[in-house]
2 protein chains.
Amino acid sequence: MPTLTLEDIARQTGVSRSTVSRVLNNHPSVREEVRQRVLAAIEASGYQPHAAARTLASKRSFTIGLILPQSVSFFFTDPYYPHLIKGIAQACNQHDYTLALFLVGTREEEEKIFPRISGKGFLDGVLIQSGHHGDQWIIGRMLDIKMPVVVCGRPFRSDNVSYIDVDNIRAAHQAVSHLIRLGRQRIATITGPFASTVGLDRLEGYKKALQERGLPIQENLIVEGDFTEEGGYYAMQRLLPHQPDAVFAASDLMALGAIRAAKEAGLRVPEQIAFVGFDDFPLASSNEIRLTTIRQPVVQFGIQAVELLIDLIEHGHQPPRRVILDTELIIRDTCGAARRQ
Amino acid sequence: MPTLTLEDIARQTGVSRSTVSRVLNNHPSVREEVRQRVLAAIEASGYQPHAAARTLASKRSFTIGLILPQSVSFFFTDPYYPHLIKGIAQACNQHDYTLALFLVGTREEEEKIFPRISGKGFLDGVLIQSGHHGDQWIIGRMLDIKMPVVVCGRPFRSDNVSYIDVDNIRAAHQAVSHLIRLGRQRIATITGPFASTVGLDRLEGYKKALQERGLPIQENLIVEGDFTEEGGYYAMQRLLPHQPDAVFAASDLMALGAIRAAKEAGLRVPEQIAFVGFDDFPLASSNEIRLTTIRQPVVQFGIQAVELLIDLIEHGHQPPRRVILDTELIIRDTCGAARRQ
DNA sequence: GATAGATTTGGGAGCGCTCTCAAAAATTAT
DNA sequence: ATAATTTTTGAGAGCGCTCCCAAATCTATC
């Protein structure tokens, strides 16, 4: 394989390098007949442009990075991430971008990886999955070097950066209001980590719903969780002594763990205690337990994140933008509303 | 930012471009004193080499691709993939490689994406997650263009390609032997798809174990599954009329679905029917159902796949190699062995 | 049919780095 | 001290592409 270049195609076709380049980038000012001839030669020879050469000359790599910082690597096995990645990958394919994945497990890794991410000639822009305190550093660094950035999930300091998120406050509010409407009085919540905006926002929605209906906010009905099944299980054990009659869990996985704890304690779901989760992943519906939950459009979230980023890349520096997606309450069995249907 | 180049560092330090390049690639023949001076200048100026320029000149991108073909995109939300990616990402970070992810949902996407994967100047090598019939095409193409490849999971045609896999036959054999040892007589299996080597290999292990112990192989105790919870559920429903007293499911997710179906049918687990899964993901141990299963070292699998690939990249064309990892039987409650412990 | 204007093409100068080769400097041997 | 080695350095020629600018070709106009 003598490594075909533009030059070769040019020679074969009897045109100049420039013309072949124009055809490749489908520049309008090429005579149709010539274009066809060049295209044919490219096809016949199996020529493929050299990505690095192209990037070097054009300053565009058509590659974007997805950074999953240390704070998420722990949760990475949560079904949320495959869904998110699916959306992101789909959008990248669609728009002819390549996706580079940076999954960092430790802070040292984060710093080690940083030059590759920020280095010139590699990424056109980055998506940062965040919402965690610890990620401010990396977001700040990307902004410093003027790399186009879209943060997935509202970051703690959001004034100068574009981000996309779901309306967590509204979603949680809706879930809890639903429980209140069903007559539940002692509604507890298992939150996400307080070091994350998701955790905080969903808690806020919970509080807001209670307040609106004149129910008291009791600190002992609020337990911080960590988005894992185990975490939900232990959180529920702490909740049990305070006898909640409903629980809003900030993720399906935690809801499942909580239900396990409740059942172990001899409680009947949903008669004695109702549950609402958050995410609506397959395990929520195909399980023995048919979970009432909030559906997040995660795949769509990924797609829109990519499209926002590409827009920032291609249309230069604009003021930061934000996209907020809506969620949907999916009523199944664990909230005890089923008998009404 | 006037885009710092090698040249600038050279001028600042009073050496030549070549010397700076040598320092960057830590070539031995640079005087220590000079090296320090250059390093200091780089540090002070925050200079970062231009990735594309480097790739163009050196013909190395230090980027590898992970291709998840059409056949897996459907299963992508299976916990297997996050674990695999975790291992792969970890090894990439460790070895200073960047990971590009290609998740393709349709055959058209696969063909559309192909030029980016195979194009020169982008990837140094690729990992292909496979084991499915439909992936022969892409594996063949990569081989054609002499791209270093490691296939994750034994491919159907494996004679001329390096791959890594777990010993599925042995693992299934072990699981089924365990059930036989516990006195089960009518052992069924819910397999993976027959279009995949995993599906076939685990089935073979199952058959082998039965044969060895002189038990008959009954076609109606073998149902093809699809690695999903739902699939396991429906497979179990088909199995129920034939009254198995144990089921070996080729994945934990399917085992969970099958157990759900069995319970719905009023069977007690493990007294009336025992289950063994495959994977050992957290849901297997933290669930209400404590699943006996086969533990696969998935993270390790990812790490070794990367290391094998890097070896192929850095040490040229060798004969195809294969790495087979061991699995471990994890005994919990669903096989009914607990009382013996 | 000559001229102004638009359209299409080619040449050349980079993009920022690596790498070979030969020159220069430092080291050792005589 | 000088010659013979060895180590360290610099110059220059690419790597394969894009993109600006000027030359060539074509079209429309008077």
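Proximity of Pro148(B) to Leu309(B): side-chain heavy atoms (C-beta onward) are separated by under 4.5 Å at one or more points. Taking 4.5 Å as the limit, every side-chain heavy atom of His83(A) sits out of range of all side-chain heavy atoms of Phe76(B). Val306(A) places none of its side-chain heavy atoms less than 4.5 Å from the side chain of Leu308(A).
Taking all atoms of both residues into account, the shortest heavy-atom contact from Pro297(A) to Val166(A) is CD-CG1, 4.2 Å. In terms of heavy-atom proximity, Ser162(B) sits nearest to Leu312(B) at OG-CD1, 3.7 Å.
Rounded to a whole Å, the CZ atom of Arg60(B) is 11 Å from the P atom of dC19(C). Distance Leu56(A) CG to dA13(C) P: 17 Å, rounded to the nearest Å. Between the CZ atom of Arg17(A) and the P atom of dG11(C) there is a distance of 8 Å, rounded to whole Å. Ile9(B) places its CD1 atom 13 Å from the P atom of dT18(C), with the value rounded to the nearest Å. The distance from atom NE2 of His50(B) to atom C1' of dT18(C) is 15 Å, rounded to the nearest whole Å. Taking atom CD on Glu7(A) and atom C1' on dC17(D), their separation rounds to 10 Å, with Å as the unit. When the C1' atom of dA6(C) is taken as reference, atom CZ of Arg31(A) falls 15 Å away, rounded to whole Å. Between the CG atom of Leu6(B) and the C1' atom of dG14(C) there is a distance of 16 Å, rounded to whole Å.
Taking CD1 of Ile67(A) as the reference point, atom CG of Leu103(A) lies at 11.5 Å (rounded to 0.5 Å).
Phe114(B) does not carry Arg116(B) over the face of its six-membered ring by the limits of under 6.0 Å from the centre and within 45° of the normal.
Taking the side chain of Val30(B) as heavy atoms from C-beta on, and the options dC15(C), dT9(D), dT9(C), the nearest nucleotide is dT9(D). Picking from dC17(C), dG16(D), dT18(C) the nucleotide with the shortest atom distance to the side chain of Asn25(B) gives dT18(C). Looking at the side chain of Arg22(A), the nearest of the listed nucleotides dT9(D), dC21(D), dC17(C) is dC21(D). When distances run from any side-chain atom of Ala57(A) to the nucleotides dG11(C), dC17(C), dG16(D), the shortest one goes to dG16(D). When the nucleotides dT18(D), dG16(C), dC15(D) are ranked by their closest atom to the side chain of Thr5(B), dG16(C) comes out on top.
With respect to the salt-bridge test (charged N to carboxylate O, under 4.0 angstrom), the residues Asp144(B) and Lys146(B) do not qualify.
Summary of helix geometry: the two end axes of the helix from dG1(C)-dC30(D) to dT30(C)-dA1(D), each defined by five base pairs via their C1' atoms, are inclined to each other by 40° (rounded to 10°).
Considering only side-chain N and O atoms, Ser58(A) lies nowhere under 4.0 angstrom from the phosphate OP1 or OP2 of dT18(D). For the pair Arg54(A) and dT18(D), the criterion of a side-chain N or O lying under 4.0 Å from OP1 or OP2 is met. When the side-chain nitrogen and oxygen atoms of Ser29(B) are compared with OP1 and OP2 of dT8(D), none of them lie within a distance under 4.0 Å. For the OP1/OP2 pair of dG10(D) and a distance below 4.0 Å, the side-chain nitrogens and oxygens of Thr19(B) include at least one atom meeting the criterion.
Among the protein residues, Lys120(B) comes within range of no part of the nucleic acid, since none of its heavy atoms lies under 4.0 Å from any strand.
DNA chain D is contacted by both Ser18(B) and Ala53(B); Ser18(B) maps to the nucleotide lying nearer its 5′ end (nearest heavy atom per residue).
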